[in-house]
Amino acid sequence: METGIVKKADWYDHGHAPHMATRLGCHNSSKFQGTANPGERLEYLLKQKANKYCADCGSPDPKWVSLSLGVFICIKCSGAHRSLGVHISKVLSVKLDDWTNEQVDILVDRGGNAAVNMKYEAFLPEYYRKPKPESSSEERTDFIKRKYETQQFMVPGNNIHPLHSNGASIGTKSYEKQHTGIRHAFRNSWRRKDEHKVSKKKLMGMVEFVGLIRVNIKRGRNLAVRDMITSDPYVILHLGHQTVRTKTIKSNLNPEWNEILMLSIPDPVPPLKLQVYDKDTFSTDDKMGEAELDIQPLVAAAKACENSIITNTTQLGRWLATENNPLIKDSAISLTDGCIKHDITLRLQNVERGELDIELECVPLSQ
């Protein structure tokens with residue numbers, strides 16, 4: 001048996017549903033565990049046969065990982081995974097994120113693509129069409145939600161219907177978007193009278209992605225006081241229907257986050273919204289300001305330089321500080337080491353004071 005491949009028998013107990021995972025490459029663990037560097041360990045996992053292809057659509061050479069689920073996925077499927085929310089699928093980049101040995105250990109425990117698919121596709125009907133590398137966003141999103149969120153392929157007897165060529169479901173099961181605070185969840189709708197309305201919402205919620213944006217929340221300066229003499233600030237980012245947040249810094253009006261958050265960029269490109277809050281234990285969190293950034297110029301610069309062979313740091317454009325935007329000073333979009341970056345110092349709006357230093361980086365889908 002090849003390293004990383006789990007036999008179906010390892011997942012079944014007398015015909016019952018899957019109940020346990022086998023560690024990836026356990027029979028060859030000495031070689032794997034002897035590599036201390038997380039990056040090298042990750043590369044070793046990527047060389048396993050099943051991990052060379054996206055767990056959901058089969059695209060070769062996946063560069064993204066759902067850490068919580070333990071699968072290697074392509075950049076197109078990563079957008080669908082992000083739409084599930086980090087409580088279901090936390091997506092990381094093999095190349096762009098800094099990995100720890102503890103995170104790699106999680107992937108080892110999950111068993112890799114072969115073991116995870118054996119579990120989540122245990123009862124995938126023969127007639128059900130999995131997405132392919134060229135499949136539409138609708139097909140990917142529908143399949144990934146069925147597979148991981150509602151887990152329809154983990155138990156026998158589900159009346160799963162195939163998809164039309166345009167990706168729309170023809171069964172009685174559909175998904176209805178439901179707002180839950182800063183997260184969006186999906187639930188099954190069994191009411192035939194609402195099928196048309198739910199189907200319309202579902203298609204509206206499926207969007208194409210043009211890339212990803214890495215937002216490095218560096219630091220805050222002179223933030224507003226919300227707890228007598230100080231505050232416990234954190235930052236929330238919104239892009240389209242996606243929301244992510246930083247950790248909370250206790251009792252600090254000049255916090256240092258240096259925390260990188262990543263979001264998929266929908267098409268058309270919406271503004272990036274930032275909100276700063278003070279964390280309260282026994283009451284509603286207090287607002288500490290907000291800002292809105294137009295990231296369209298950054299995306300346009302990334303597309304223009306997608307195949308660039310320029311190696312020197314090059315300024316691609318400038319965003320001028322005016323009364324109509326939150327910039328404190330002019331900022332430059334630059335090509336640095338093959339990456340399109342934008343360093344920004346902004347003034348928080350609708351608050352008495354406060355500044356943020358952030359860095360934006362656009363990653364095209366081709367990367």
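This is a predicted model, so every value here is computed, not measured.
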Trainee: Just do the side-chain contact (heavy atoms from CB on, under 4.5 Å) check on Leu223 and Asn254 with the steps written out, would you?
Mentor: CA-CA 7 Å; Leu223 299 183; Asn254 298 282; over 6 Å; no
Trainee: For a quick check under 3.5 Å, do Lys287 and Asn350 share a side-chain donor-acceptor pair by atom type?
Mentor: no
Trainee: Taking the side chain as everything from C-beta on, heavy atoms only, tell me whether Phe143 gets closer than 4.5 Å to Gln152.
Mentor: no
Trainee: Which heavy atom of Ile340 sits nearest a heavy atom of Cys305, and at what distance?
Mentor: CD1-CB, 3.9 Å
Trainee: Output all residues satisfying side-chain contact (heavy atoms from CB on, under 4.5 Å) with Glu102, sequence neighbours left out; order by chain, then residue number.
Mentor: Thr100
Trainee: Do Thr322 and Asn325 pass the side chain to side chain donor-acceptor pair (under 3.5 Å) test, and can you show the C-alpha distance, the side-chain angles, and the key distance before you say yes or no?
Mentor: CA-CA 6 Å; Thr322 69; Asn325 63 46; 3.2 Å; yes
Trainee: Tell me if the NZ atom of Lys273 is crowded by more than 12 foreign heavy atoms within 6.0 Å.
Mentor: no
Trainee: Say you draw a straight line from OG of Ser89 to CD1 of Ile73; how long is it, rounded to the nearest 0.5 Å?
Mentor: 5.5 Å
Trainee: Please report the closest heavy-atom contact between Pro60 and Tyr53, naming both atoms and the distance.
Mentor: CA-CD2, 3.7 Å
Trainee: Taking all atoms of both residues into account, what is the closest heavy-atom pair of Ala55 and Glu121, and its distance?
Mentor: O-OE2, 3.9 Å
Trainee: Just how far is it from atom CZ of Arg82 to atom CG of Leu263, taken to the nearest 0.5 Å?
Mentor: 7.0 Å
Trainee: To the closest 0.5 Å, what do you measure between CG (Asn216) and CD (Glu259)?
Mentor: 9.0 Å
Trainee: Of Thr150, Leu84, Ile88, which meets side chain to side chain contact (heavy atoms under 4.5 Å, CB included) against Lys145?
Mentor: Leu84
Trainee: Are the side chains of Leu298 and Glu361 in contact, using a 4.5 Å heavy-atom criterion?
Mentor: no
Trainee: Give a yes or no answer on whether the side chain of Thr336 reaches the backbone of Cys339 with a donor-acceptor pair at less than 3.5 Å.
Mentor: no
Trainee: Is the distance between the ring centroids of Phe153 and Tyr128 less than 6.0 Å?
Mentor: yes
Trainee: Return the set of residues passing side-chain contact (heavy atoms from CB on, under 4.5 Å) with Pro326 (not counting sequence neighbours), or none when no residue passes.
Mentor: Ala291, Leu293, Leu346, Gln349
Trainee: Taking the side chain as every heavy atom from C-beta outward, state whether Glu359 and Ile344 have any atom pair closer than 4.5 Å.
Mentor: no
Trainee: Do Met118 and Asn113 come within less than 4.5 Å of each other through their side chains, counting heavy atoms only?
Mentor: no
Trainee: Kindly indicate, with the supporting measurements, whether the criterion side-chain contact (heavy atoms from CB on, under 4.5 Å) is fulfilled by Thr230 and Val225.
Mentor: CA-CA 5 Å; Thr230 187; Val225 174; 5.8 Å; no
Trainee: Using only atom types and a distance under 3.5 Å, with no angle test, would you say the side chain of Arg140 pairs donor to acceptor with the backbone of Cys57?
Mentor: no
Trainee: Can you list the steps and then say if Leu96 with Arg214 is a side-chain contact (heavy atoms from CB on, under 4.5 Å)?
Mentor: CA-CA 9 Å; Leu96 301 175; Arg214 285 162 49 97; 3.4 Å; yes
Trainee: Are Arg219 and Trp257 close enough, and set up right, to give a side-chain contact (heavy atoms from CB on, under 4.5 Å), and what steps lead you there?
Mentor: CA-CA 6 Å; Arg219 65 188 66 86; Trp257 281 286; 5.6 Å; no
Trainee: With side chain to side chain contact (heavy atoms under 4.5 Å, CB included) as the test, pick out the partner of Met262 among Val91, Leu237, Val363, Asp97.
Mentor: Asp97
Trainee: Would you compute the distance between atom NZ of Lys147 and atom CG of Asp142 and round it to the nearest 0.5 angstrom?
Mentor: 13.5 Å
Trainee: Could you point out which residue of Lys130, Arg129, Arg146, Lys132 forms a salt bridge (charged side-chain N to carboxylate O under 4.0 Å, His left out) with Glu139?
Mentor: Arg129
Trainee: Looking only at heavy atoms, what is the nearest atom pair of Leu46 and Pro62, with distance?
Mentor: CD2-O, 3.7 Å
Trainee: Using only heavy-atom distances, determine whether the side chains of Asp357 and Thr345 contain a donor-acceptor pair under 3.5 Å.
Mentor: yes
Trainee: Between the side chain of Glu43 and the main-chain N/O of Gly39, is any donor-acceptor distance below 3.5 Å?
Mentor: no
Trainee: I'd like to know if the side chain of Asn222 and the backbone of Gly354 have a donor-acceptor N/O pair within less than 3.5 Å.
Mentor: no
Trainee: Check the hydrophobic clustering (I, L, V, M, F, W, Y; side-chain heavy atoms under 4.5 Å; chains of links allowed) and say if Leu92 and Ile260 are grouped together.
Mentor: no
Trainee: When clusters are formed by joining ILVMFWY residues with side-chain heavy atoms under 4.5 Å apart, either directly or through shared neighbours, do Ile328 and Leu348 land in the same one?
Mentor: no
Trainee: Any sub-3.5 Å donor-acceptor pair from Glu40's side-chain atoms to Asn37's backbone N or O?
Mentor: no
Trainee: Taking Lys218 first and then Asp343, would you say they form a salt bridge - that is, a charged N and a carboxylate O separated by under 4.0 Å?
Mentor: yes
Trainee: Is there side-chain contact between Arg41 and Asp105, with at least one heavy-atom pair below 4.5 Å?
Mentor: yes
Trainee: For a quick test of reading the model, state the closest non-hydrogen atom pair linking Gln103 to Asp98 and the distance between them.
Mentor: OE1-O, 3.7 Å
Trainee: Atom CZ of Arg110 and atom NZ of Lys119: how far apart are they, to the nearest 0.5 Å?
Mentor: 7.5 Å
Trainee: I'd like to know if Val244 and Ile358 are part of one continuous hydrophobic network [Ile/Leu/Val/Met/Phe/Trp/Tyr, side-chain heavy atoms within less than 4.5 Å].
Mentor: yes
Trainee: Is there a chain of hydrophobic side chains (I, L, V, M, F, W, Y, each step under 4.5 Å between heavy atoms) that links Val276 to Leu253?
Mentor: no
Trainee: Is it true that a side-chain atom of Asn51 and a backbone atom of Gly112 form a donor plus acceptor pair closer than 3.5 Å?
Mentor: no
Trainee: Taking Ser283's backbone N and O only, do any of them form a donor-acceptor pair with Asp280's side chain (distance below 3.5 Å, no angle check)?
Mentor: no
Trainee: Please verify the inter-ring angle class for His342 with Trp319; under 30° counts as parallel, over 60° as perpendicular, anything in between as tilted.
Mentor: tilted
Trainee: Between Trp99 (side chain only) and Val104 (backbone N and O only), is there a donor and an acceptor less than 3.5 Å apart?
Mentor: no
Trainee: Do Asp285 and Tyr234 have side-chain N/O donor and acceptor atoms under 3.5 Å apart?
Mentor: yes
Trainee: Is the side chain of Asp286 donor-acceptor paired with the backbone N or O of Tyr277 at a distance under 3.5 Å, no angle test?
Mentor: no
Trainee: Just so I know, are the side chains of Phe123 and Met154 near enough to count as touching, which here means a heavy-atom distance under 4.5 Å?
Mentor: no
Trainee: Is the backbone N or O of Ala224 less than 3.5 Å from a side-chain atom of Ser231, with the two atoms forming a donor-acceptor pair by type?
Mentor: yes
Trainee: Indicate yes or no: at least one non-hydrogen side-chain atom of Val235 is less than 4.5 angstrom from one of Arg245.
Mentor: no
Trainee: Side-chain contact, heavy-atom cut-off 4.5 Å: Asp56 with Tyr148?
Mentor: yes
Trainee: What's the spacing between Leu272 CG and Gln242 CD if we round to 0.5 Å?
Mentor: 10.5 Å
Trainee: Over all heavy atoms of both residues, which pair between Cys77 and Cys54 is shortest? Give the atoms and the distance, please.
Mentor: SG-SG, 3.8 Å
